[in-house]
Every structure is written in structure tokens, then in C-alpha cells.
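Report on the structure given below.
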Amino acid sequence: MYIWDLPVRLRPVSPEKRQIWIQDTRSGCRMNGAICTMNDMDHTCFDTAKIDKIQELRERGVTVYPYTFDRRDTVLEIKERFSTIEHEKSEEEVSTAGRIYIIRQHGKTIFADMGDATGRLQIYLRKNDLGEEQFDLFRQYVDAGDIVGVVGHVFRTKMGEITVWVDRFELLTKSVCPLPEKFHGLKNVETRYRQRYLDLIMNEESRETFRTRSRILALLRQFLFDRDYLEFETPTLQPVYGGANARPFTTHHNALDQKLYLRIAPELYLKRLVVGGFEKVFELAKNFRNEDIDTNHNPEFSMVEIYEAYRDYNDMMDLTEEIFAFLAERVLGTTTCSFAGHDIDFSRPWRRLTMEEAVQEYAGIDIRTMSLEELRDFGLEHSVEGCESAATQGEFLALFFEHFGEKELIQPTFIYDFPIENSPLAKKHRSKEGLTERFELFMAGMEMANGFSELNDPLDQKARLELQDAKRRKGDLEAQMIDYDFINALGYGMPPTGGVGIGIDRLVMLLTGNDSIKEVLLFPQMKTLARGEPEQDSGEE
RNA sequence: GGGCCUGUAGCUUAGUCGGCAGAGCGACGGACUCUUAAUCCGUAGGCCAAGGGUUCAAAUCCCUUCAGGCCCGCCA
């Protein structure tokens, strides 16, 4: 590989140290920690001083990357087991391992802070105990960032800290990239997202957020399994996308020579399962929507969709409430949480308003008593987007709710009975003309869930999807395609069914107090910095 | 798509009504046997995100670009 082929600028710093900087010439952004050797011209953050140490260690016969270590105790176990230990060393021997965070050398002794998945622990090494060779090995070659295993006895220092008095240690992994500073740590938001592993190494709060996320998913599954719901996995690559109004990502299957879409929702497949006789089903699915990225949106996001036969939207509102209350209670230990300056109260029952009532309350008008002209005038007067082209009472209802109501809904609130125009998969209302049995859940001004009495009349469904398809052909980029196989499935008969979808990422935001979706996604979508390698065939059309 | 803000050493940052780019931590070398952001002495490390312009002189002022953050729009 030639230097001039790289999309970077290489700047020699010190011929002696063979160091160069790597800088992305397109963006001007310097790769984080971009020091590397002349022999290693790629986008690494390898530090030559550390690489030299590896070489020297090998010359001394040390295995720098051994295969295993007999770790018998975690940090937490040691701290709990020896919580009452005094200054005297324990009889019992412990064996533990982790990453070195800080080293404090004092001539012939060394203190270091070591961390594993359960916490941090101080270790103490003395030249007298280890012998000159071993002690010097640690002193000269072990750096912050390295992973070591230690065997020793536990004691409490004069300053009162539980500490492992090390009898012997083993280097388990040599780190060649520099760790961020020990006190301030890693704060740069962009680096935290782009190099999440580094964020996790350095920031306990971030680790805690993702532990909680994992726990929320486990609890959600437990809740549903306990109630005899079955979890399934339906196609992510779909020849026809559907189940929501959104622009899809497209891709191409080479062998089939066929266009495929990344799913925007699992809905239509899960309903096929209900047709097939599975009466209580759910899927924890990644959905992909080709939309903009902001504090509440990532192009791929997680959703749980739940369907249950012989239930309607009232039952699904109850279920949604139960799920949130259960998770809040188990995760937070209370039924309230603090989010973006609001105290959200999950205690049941939650407020339920029809969309008409919400518009009545927040816009101060009664839709049903107004003519289309009056509605349009009112909308234009308040500069409500989309009023020019709205042609039905239902469209105005939806527009007014979005404009006046949505952001006001801080405490958990169900809005129900949506207009039929923008609810092509929801069943017509049993008593109200022009409406469907559909609800959405709002909290902190965010849409958290969406559910309905599922449309199971195959003729009605066919007509409504045909209407969507006509809109799509007229240029509505988010209108749905017609999935005839799905319509045929309904044709065989789907029992009356209730369904709901809950946005997992926003739920995690709420329960962990993070007001950006990027803080609860391990690897949020970021724009690529530099072209490192020639682009492969992406499969894009 | 629109507005506001940010980018200085590996990390955290000072300097921004123009006048030689500073610090702490980290790294490297040395001293130190209960420290914990250890301490003390010394060394190296920056064309101030990139490109262009104004000026005797630009990290600083202007323009363009790149990346990120926040708000709005879009996402029912």
C-alpha cells in the first residue's frame, strides 16, 4: 500500500520513534489517538512505545497474550466476602483479573486500581514479595489499560481500602492504544458514540445505562413468557414492506436477482402467525426506516410488537399499562421517574382521551360541529402544517392533534379513536363513523406505543391497502405497498385480534433518564469519517 | 431542509475585541516500601478540524468545506 493511496495525510514527527500522524484529508478530522508506526500505515491508534514493550516482553520470554487465566473471584465477590477484613492479611487466597486503570508507584511498592465487570479494586505489589524480576516486569511493562490476573491475599490498607496484596501476577492482555485521562476520562460525545468500547471502559454511567437496557429486555421477555406469549423471528429482508408508513431501505439479493427491503415493521408477518393459530405472539424486532437522525430517531431501532387473539384495543391499552408499570417498578423500584425536567408518574390507571377530546382540550374546538371550511380556516389561522391539502374531517383531526396536543402530553396518556384516513391496518370503530379503534401512548411529548383492534376483514383491508398504494404511486413516499399474500392470509380468517407496538429505545431512554436516543443505543448511526478501503459492492441499486 | 453552537497535545482544557500556543493528566527518564486524581525532579509531544481570503502579522476576523451537539421541519 502506498502512502499516496490513503485518504489521509501522514506527517512524520520523529524519525527516531518512527511516529507519524494520520489525518483525514477530506474532513480534516484527526483519527483519535492516531499515532502509528511507519510499518503500520492504517487507521490504528497504536502507540509505538507500547509496541516496543511487547517486543521486549517477548524477548524476556513473556507470553503477552496468553489463552486463559484461572479467575476464581470477581471484584464484587472479594469486596463482599472481605467487607469486614482488618489490616491483617487474609488466610484465604484470592484470584482475580481485570483491566488496570491507574498505577501509583512508590519506589519498591506499587498500588494499582483494577476493574472488572463488577467494579474496581485496589491491588498492592511489593518488591520484597514478588522478587526483583517480577516486580520490575510490572513496573516497567504494565501500563494503564492492560489486563492482568493477580493471585494474593486480601487486607485493608491504613487508609481503609480493601486491597489485594499480590503474591504473583500475570499479564493477560497488553493494550497498545492509550487510555484517556484517568480523572476527567472520556467526555467527548462524538468519540463516546464512535468508540463505544472506550466509553464503556471509561464511563461507569454508560455501562450502567446499557446494563439497564439489557435488564429491561430480559424483564420484558419474562413478563410476556409468564403470560404464555410466544416469541418469534420474522423476516428482516422483505420483498414487500409494510406495517407502517415510512420510507424503507432497499437492498438487492444477488442469486435471486431481486430487490428486497429492510423491514419497517414486523406487523404483517406476526398477523400471519395469528392466522396460523398462534394466539399470543410477540417479536422484539429491529426496524429500519430511511429517515433523518435526531434526538428521538435512529435509522434502525428496536420495537416490541405484541398480538393476541380475542382481544381488542381496550385490552391492549391495559396490557401496555401493565408492561410499563411492571418495568418501572422492577427497574426503578418506584412508579415515578425523572425525565428531561419532568417527573413522570407511571401509577395506574393512566389518562385516556379520544383524539377528539384531546383536540377539544388543547385546541379548544369541537371538530364535529365544524364544517370543512371552518376547519381549514382555523388551521390556517394557527399555521397548522398540511391544512391546505386536507380534505376530510379525519385529516384535520389528526393534523390538529399533532399540532396542538402531542407535545403537551407529558404524563402517560392514551389517545384513542384515530381517523380512518391514516390508520390503514386498524379496524373500523364499532360505533363511531370515520374512526378506527386505534390508540397511541404519549409520555414526555414522545410517542411511546401504538396499537389497535387489528383489521381482520380481508375485503376492507384490500380496499384500504389499494388506497395506500394509489397514494404511493402518486408520490407519497411513506404510503404502504399492497402485500397480497398478507391479504390472502386474512382471507383465510384471522380471529378478532388486538395488537400493540412499543418503542424499546424510547422506553429505555425514559427508564434510564437519558434524553437522547444515542445514549441508549450502543452503536448509534454516525456519518462515516474517512474512506479507509475502496468501497465494496454495497448491493445498492 | 432551516437556525444556533462546538472542534486547540493521547485525554480534559486555557487562550477567541489579531502580536512567539499555555496547563493538568497521560507518555518517556529519574527519586520514593500503605498510596488512591500519590508526591517530587527532568524530557518529548501542537503547521490550533481542512481549504481559501483579509492583514506587516491569524488559533483569534471573513468565506467555503468536514464532523459533531442542540432546536425546528420531516418522521401520522
Provide the distance between the two [atom1] atoms, one in [N] and one in [M], to the nearest whole Å.
N     : M     : atom1 : result
B:U35 : B:A50 : P     : 45 Å
B:G45 : B:C61 : C1'   : 30 Å
B:G53 : B:A37 : C1'   : 45 Å
B:C34 : B:G29 : P     : 23 Å
B:C56 : B:A14 : C1'   : 28 Å
B:G15 : B:A58 : C1'   : 14 Å
B:G46 : B:A23 : P     : 14 Å
B:G22 : B:C32 : C1'   : 30 Å

Using both distances under 3.5 Å as the test, list the Watson-Crick or G-U wobble partner of [N], or none.
N     : result
B:G22 : B:U13
B:G51 : B:C63
B:G45 : none
B:G68 : B:C5
B:A37 : none
B:C32 : none

Just to be sure I understand the rule, does [X] reach a base, reach only the sugar-phosphate, or reach nothing, if contact means heavy atoms closer than 4.0 Å?
X        : answer
A:Glu402 : sugar-phosphate
A:Ile102 : sugar-phosphate
A:Arg438 : base
A:Tyr193 : sugar-phosphate
A:Asp294 : base
A:Phe401 : nothing
A:Thr295 : sugar-phosphate
A:Glu478 : sugar-phosphate
A:Met202 : nothing

Report task. Scan side-chain atoms only and decide if A:Gln480 and A:Asp469 contain a donor-acceptor pair under the 3.5 Å cut-off. Result -> no

Roughly how many Å is it from [atom1] in [X] to [atom2] in [N], rounded to a whole number?
X        : N     : atom1 : atom2 : answer
A:Lys182 : B:G10 : NZ    : C1'   : 15 Å
A:Gln105 : B:C28 : CD    : C1'   : 12 Å
A:Leu435 : B:A76 : CG    : C1'   : 15 Å
A:Glu86  : B:C34 : CD    : C1'   : 16 Å
A:Glu161 : B:U36 : CD    : P     : 11 Å
A:Tyr141 : B:G29 : OH    : C1'   : 14 Å
A:His403 : B:A76 : NE2   : P     : 18 Å
A:Ile103 : B:A37 : CD1   : C1'   : 15 Å

Nearest-nucleotide pick for [X], side chain only, options being [options]:
X        : options             : result
A:His106 : B:U12, B:C32, B:C70 : B:C32
A:Arg126 : B:C34, B:U33, B:A76 : B:U33
A:Met159 : B:G1, B:A27, B:U36  : B:U36
A:Val189 : B:C28, B:G69, B:U33 : B:G69
A:Glu190 : B:U35, B:A67, B:G10 : B:A67
A:Phe111 : B:C25, B:C34, B:G73 : B:C34

I'd like a table of donor-acceptor pairs (distance under 3.5 Å, sequence neighbours excluded) in which one partner is a side-chain atom from residues 159-166 of chain A, with atom names and distances.
residue: A:Thr163; atom: OG1; partner: A:Gln122; partner atom: NE2; Å: 3.0
residue: A:Thr163; atom: OG1; partner: A:Glu161; partner atom: O; Å: 2.9
residue: A:Trp165; atom: NE1; partner: A:Asp129; partner atom: OD2; Å: 2.6

Using only side-chain N and O atoms of [X], determine if any of them is under 4.0 Å from OP1 or OP2 of [N].
X        : N     : result
A:Lys527 : B:A67 : yes
A:Arg104 : B:A38 : yes
A:Arg194 : B:G68 : yes
A:Lys187 : B:U12 : no
A:Lys53  : B:C28 : yes

Query raised in the report: Of A:Gln122 and A:Gln140, whose closest RNA chain B nucleotide lies nearer the 5' terminus?
Result: A:Gln140

Query - Which residue lies more 5' along RNA chain B, comparing A:Lys127 with A:Arg506 via nearest heavy atoms - result: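 Checking each residue's closest nucleotide, the 5'-ward one belongs to A:Lys127.
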
Query raised in the report: Where the side chain of A:Glu381 meets the backbone of A:Phe378, is there a donor-acceptor pair that is under 3.5 Å apart?
Result: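 Judged by distance alone, no pair lies under 3.5 Å.
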
Query - Main-chain N/O of A:Leu186 paired with A:Asn203 side-chain donor or acceptor, under 3.5 Å - result: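 At least one qualifying donor-acceptor pair exists.
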
Requested in this report: First locate atom OH of A:Tyr141, then atom NZ of A:Lys174, and finally report the distance between them rounded to the nearest 0.5 Å.
Outcome: 10.0 Å

Query raised in the report: What residues, two or more places apart in sequence or in another chain, satisfy salt bridge (Lys or Arg N to Asp or Glu O under 4.0 Å) together with A:Lys432?
Result: A:Asp417

Query raised in the report: Would A:Arg120 count as a cation-pi partner of A:Tyr101, with NZ or CZ less than 6.0 Å from the six-membered ring centre and within 45° of the ring normal?
Result: yes

Query raised in the report: What is the ring orientation for A:Phe400 with A:Phe396, classed by angle as parallel under 30°, tilted 30 to 60°, or perpendicular over 60°?
Result: tilted

Query raised in the report: Under 30°, 30 to 60°, or over 60°: which ring-plane class applies to A:Tyr313 and A:His429, parallel, tilted or perpendicular?
Result: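 If you compare the ring of A:Tyr313 with that of A:His429, the planes turn out perpendicular.
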
Report task. Look at the side chain of A:Asn128 against the base of B:U33 and say whether a donor-acceptor pair falls under 3.5 Å; ignore hydrogens and angles. Result ->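 By the distance-only test, yes, there is a pair.
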
